[in-house]
2 protein chains.
Amino acid sequence: MHFPSLDKDQRRILQALRRLGSLSRSALAIELEMSATALTRLSRDLLSLGLIEEVPDNGAQGRGRPAVPLRLAAGGGYAVGATAHRGMLDVALVDFTGTTIAAHHEATDPLDPQAFARRVRQLTHMLVDRHGLLGRRMLGIGIAVPGPSLSAAGDRWSVVDVLPGWRDAPLRDIFSTEMGWPLWIENDANAAAIAEFYLGGLIRDFSTLVVLLLGFGIGAGVITDGRLVRGQYGVAGEIGCLFPGHLPRPSPLDLLATLRADGCALTSLADIDFADPAQTPTILRWLDRAAHQLETVCNTAFAWLDPGAIMLAGTLPPVILQGLADRLHGADLVTTVFQRRPPVRVSALRGSPITLGAALLPIHALSVDP
Amino acid sequence: MHFPSLDKDQRRILQALRRLGSLSRSALAIELEMSATALTRLSRDLLSLGLIEEVPDNGAQGRGRPAVPLRLAAGGGYAVGATAHRGMLDVALVDFTGTTIAAHHEATDPLDPQAFARRVRQLTHMLVDRHGLLGRRMLGIGIAVPGPSLSAAGDRWSVVDVLPGWRDAPLRDIFSTEMGWPLWIENDANAAAIAEFYLGGLIRDFSTLVVLLLGFGIGAGVITDGRLVRGQYGVAGEIGCLFPGHLPRPSPLDLLATLRADGCALTSLADIDFADPAQTPTILRWLDRAAHQLETVCNTAFAWLDPGAIMLAGTLPPVILQGLADRLHGADLVTTVFQRRPPVRVSALRGSPITLGAALLPIHALSVDP
DNA sequence: GTTTTTAATTATTGTTGTGAAAATAAATAA
DNA sequence: TTATTTATTTTCACAACAATAATTAAAAAC
């Protein structure tokens with residue numbers, strides 16, 4: 001059922017192309033310290049698997065036979081990602097380069113895992129049909145769930161309890177019998193980290209990064225040396241617990257609550273509007289307070305993990321995330337000890353990093369050795 | 001010059017034996033999901049390299065040809081570890097199983113890197129001679145330095161400035177030209193983490209752990225999935241920066257300073273004595289305060305890394321470390337969110353975990369793929 | 001055109017690793 | 001003693017792979 005697992009050298013080629021875009025065989029051979037012979041064979045295999053392709057018209061390059069750059073082939077396969085929120089269902093379809101082919105977003109009644117899996121299967125079939133992918137290689141499906149794993153194996157998940165029937169259910173069994181595709185289940189913040197890594201371009205410059213996901217609550221995804229950090233029992237990055245339960249934590253719901261407390265009649269996160277004069281003062285106050293709380297988070301992230309970048313992502317409007325980043329840039333973070341600017345940035349991904357990251361999980365698994 | 005690098009499967013065998021002690025070929029074949037044929041070949045190679053050996057008289061086991069367990073061979077090689085402190089020089093010699101063959105501790109004038117390397121070479125030759133290791137396989141030398149790396153490559157180090165001429169010196173060049181052996185340089189807390197992992201028995205139960213090293217200042221070593229976490233620029237685990245510069249941090253020097261401020265005339269850490277009635281009250285107060293400060297450290301470690309264990313190690317008397325651990329056990333750490341007891345323990349290693357960990361670096365490098 | 005240059009491929013050859021099945025080893029049970 | 005059982009080793013045919021050198025390809029320089 002699984003796509004044949006790739007050789008270590010084949011994975012190295014794919015990862016180099018993912019990092020550097022396109023490279024000729026000879027450049028790859030130098031980059032990866034392999035012989036040209038080996039590279040010919042490996043690239044032939046990858047070409048015939050359809051995972052890479054030659055870049056067509058490549059302009060003049062001077063004397064000698066022109067090099068033919070290779071790049072990842074969009075048609076190398078596709079993958080599906082899905083997320084469950086309360087009352088929402090998100091599905092994304094990406095090609096082998098990670099580009100979004102289609103994204104689907106719908107409001108639903110709260111679904112139990114079985115119903116969720118059935119609906120995701122339906123939607124997948126619909127999207128596959130609509131985009132003419134029938135018969136093309138399905139690499140698998142990634143599902144991002146809010147909440148940490150209950151086991152290192154990732155069979156059961158402590159899903160936040162707004163999703164009825166999810167907590168402690170054997171999600172892996174349920175999903176894989178319901179859908180039959182190769183399956184990855186991952187924490188939503190970890191999925192977002194994967195998305196920022198591959199699609200946000202961080203893979204070009206960094207091997208270690210942290211993604212702060214301001215979503216339902218607040219969580220973090222950590223990648224070190226190109227690998228997700230899950231911890232001994234799968235709860236690494238659960239930074240929500242750093243905030244005492246009786247105090248507000250810097251999450252979107254907290255902003256919503258703050259706005260309501262100040263008399264703004266909002267029904268959902270979507271109503272938050274920085275430009276609304278009724279909201280601006282409250283939002284500014286919240287930004288100051290939330291940024292102050294995030295200082296601790298950033299400081300401890302630096303101290304423990306030394307990430308090359310800390311990305312802010314989540315459901316908040318970009319303006320508000322940028323407000324947090326600006327305040328953190330101005331703050332006295334511990335990076336100054338090492339004479340570095342705090343590398344806090346705002347996610348620039350179009351589309352939900354959670355769902356995109358979920359869709360990238362099957363592709364990520366092809367690139368990283370087990 | 002390097003010991004021939006091992007096959008991935010050979011490394012898997014060594015790591016399984018390091019983890020599980022001793023296993024017969026057939027048990028190994030099952031454990032590692034290899035064929036008996038492959039295991040015979042691989043174990044023959046490792047036997048002829050002298051890295052493993054058969055366990056002699058193994059009692060009755062029931063019907064059938066008795067299984068011959070294999071184990072790591074002490075004589076498979078030896079490695080040297082060295083640490084520089086202010087006015088101290090520590091060297092340890094370990095065999096391939098990680099057992100200490102000899103340890104040497106001496107007081108010196110502050111040494112610059114060249115002089116340090118020369119002295120370590122001298123001592124190594126002396127210990128090698130004294131223990132009849134001439135001609136035996138020298139796997140390399142590990143050097144633990146206090147302070148973080150200045151680069152991901154680990155060529156230059158931001159060594160704490162009590163060591164004159166170390167900071168920002170090209171340590172790798174200096175040491176390797178001076179000694180000529182395969183060389184690893186590592187942060188002292190990371191070295192301690194390696195020691196706890198292999199010698200403290202944590203490798204049996206955990207793949208993710210944190211070691212809090214209360215040494216000159218306070219630092220941490222992090223291992224996730226059996227690999228050291230160094231971060232993007234090599235400063236992961238530098239948790240000293242979490243404590244504001246103008247306030248005391250929970251380090252041995254701080255305890256010393258606290259005792260002195262209370263009128264106890266101590267000259268060095270070695271004079272700290274919990275049983276001394278003049279010191280006890282101060283130490284108790286310090287323990288409460290230090291444990292409270294460490295709560296934050298432990299909480300953020302749990303939140304970011306989800307370690308299977310947090311080990312307390314360092315130069316403080318075990319009684320005092322145990323006092324910290326007891327207080328942390330009683331504290332309301334965030335692990336309780338996940339219904340777990342905080343797995344804080346005190347190092348049980350005999351000998352300096354820093355120097356032992358340094359000596360294990362060449363051995364660790366044999367086991368982990370690059 | 002011919003030469004030169006660089007890129008990529010194809011023999012060629014030898015090495016290495018592989019699992020299946022058969023053989024051997026060393027014990028207990030009958 | 002002989003049969004049985006389990007562990008390990010050997011045999012063997014074969015696939016994967018790598019490096020060198022020779023070859024082909026496609027362009028620019030002459």
Side-chain angles (χ1 to χ4, degrees), chain A residues 3-14 16-17 20-73 369-370, chain B residues 3-14 16-17 20-73 369-370:
Chain A
F3 181 70
S5 80
L6 298 174
D7 190 326
K8 181 162 145 269
D9 285 335
Q10 293 174 316
R11 279 198 291 256
R12 291 214 301 148
I13 290 180
L14 293 181
L17 292 178
L20 302 168
S22 74
L23 280 178
S24 73
R25 283 168 248 246
S26 44
L28 272 173
I30 294 168
E31 170 80 20
L32 303 177
E33 295 179 308
M34 302 198 236
S35 72
T37 312
L39 218 120
T40 293
R41 185 172 27 78
L42 291 165
S43 61
R44 182 174 45 226
D45 297 349
L46 291 173
L47 279 164
S48 71
L49 282 170
L51 298 180
I52 63 175
E53 63 192 10
E54 301 188 332
V55 177
D57 57 334
N58 195 61
Q61 318 159 31
R63 237 174 140 100
R65 174 175 175 175
V68 181
L70 300 173
R71 68 178 173 209
L72 297 175
D369 50 11
Chain B
F3 180 69
S5 80
L6 298 174
D7 195 328
K8 181 162 146 269
D9 285 335
Q10 293 174 318
R11 280 199 290 256
R12 291 216 298 149
I13 291 180
L14 292 182
L17 293 177
L20 303 168
S22 75
L23 280 178
S24 74
R25 282 168 250 248
S26 45
L28 272 172
I30 294 167
E31 170 79 21
L32 303 176
E33 294 180 306
M34 301 199 238
S35 70
T37 310
L39 218 120
T40 293
R41 188 170 21 76
L42 291 165
S43 61
R44 182 172 46 224
D45 296 350
L46 291 173
L47 280 164
S48 72
L49 282 170
L51 298 180
I52 63 174
E53 62 191 11
E54 301 189 331
V55 178
D57 56 336
N58 197 61
Q61 318 159 31
R63 237 176 140 100
R65 174 175 174 173
V68 181
L70 301 173
R71 68 178 172 208
L72 296 175
D369 52 11

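First the proteins, then the strands, lettered A, B, ... as listed; each starts at 1.
The nearest heavy atom of DNA chain D to B/A36 and to A/D7 marks one nucleotide each, and the one closer to the 5' end goes with B/A36. Between A/R44 and B/A38, the residue whose closest nucleotide on DNA chain C is further toward the 5' end is A/R44.
Taking 4.0 angstrom as the limit, A/S26 places none of its side-chain polar atoms (N or O) nearer than this to OP1 or OP2 of C/dT6. Look at B/R63 and you won't find any side-chain N or O under 4.0 angstrom from OP1 or OP2 of C/dA26. Residue B/T37 places none of its side-chain N or O atoms closer than 4.0 Å to OP1 or OP2 of C/dT18.
Rounding to whole angstrom units, NZ of residue B/K8 and P of C/dG17 are separated by 14 Å. Between the P atom of C/dT10 and the CG atom of A/D45 lies a distance of 12 Å, rounded to the nearest Å. The distance from atom CD of A/E54 to atom P of D/dA25 is 15 Å, rounded to the nearest whole Å. Across the protein-nucleic acid pair, B/L39 atom CG and C/dA20 atom P stand 15 Å apart, rounded to whole Å. The separation between A/D9 atom CG and D/dA19 atom C1' is 14 Å, rounded to whole Å. Here D/dT9 presents its P atom at 14 Å from CE of B/M34, a figure rounded to the nearest Å. In this structure, B/L42 places its CG atom 12 Å from C1' of C/dT16, rounding to the nearest Å. With rounding to whole Å, A/I30 atom CD1 is found 12 Å from C/dT6 atom P.
A heavy-atom distance below 4.5 Å is not found between the side chains of A/L46 and A/L70. A/D7 is not listed as a side-chain neighbour of A/D45, based on a closest heavy-atom distance of 4.5 Å or more. At least one side-chain heavy atom of B/L42 sits under 4.5 Å from a side-chain heavy atom of B/M34.
Closest approach of A/A16 to A/L28, counting heavy atoms only: CB-CD2, 3.9 Å. Annotation for B/I52 and B/S43: closest pair CD1-O, 3.8 Å, computed over non-hydrogen atoms. Residues A/L23 and A/A27 approach most closely at CD2-CB, 3.9 Å, considering heavy atoms.
Using a distance-only test at 3.5 Å, with no hydrogens or angles considered, no donor-acceptor pair links the side chain of B/R25 to the main chain of B/A36.
Among the atoms of the strands shown, only primed sugar atoms or phosphate atoms (P, OP1, OP2) are found under 4.0 Å from some heavy atom of A/S35.
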Close N or O pairs between protein and nucleotides 22-25 of chain C (under 3.5 Å):
residue, atom, partner, partner atom, Å
C/dA25, O4', B/R65, NH1, 3.4

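Proximity note for A/A67 (side chain, C-beta onward) versus C/dA7, D/dT8, C/dT9: the nearest is C/dA7.
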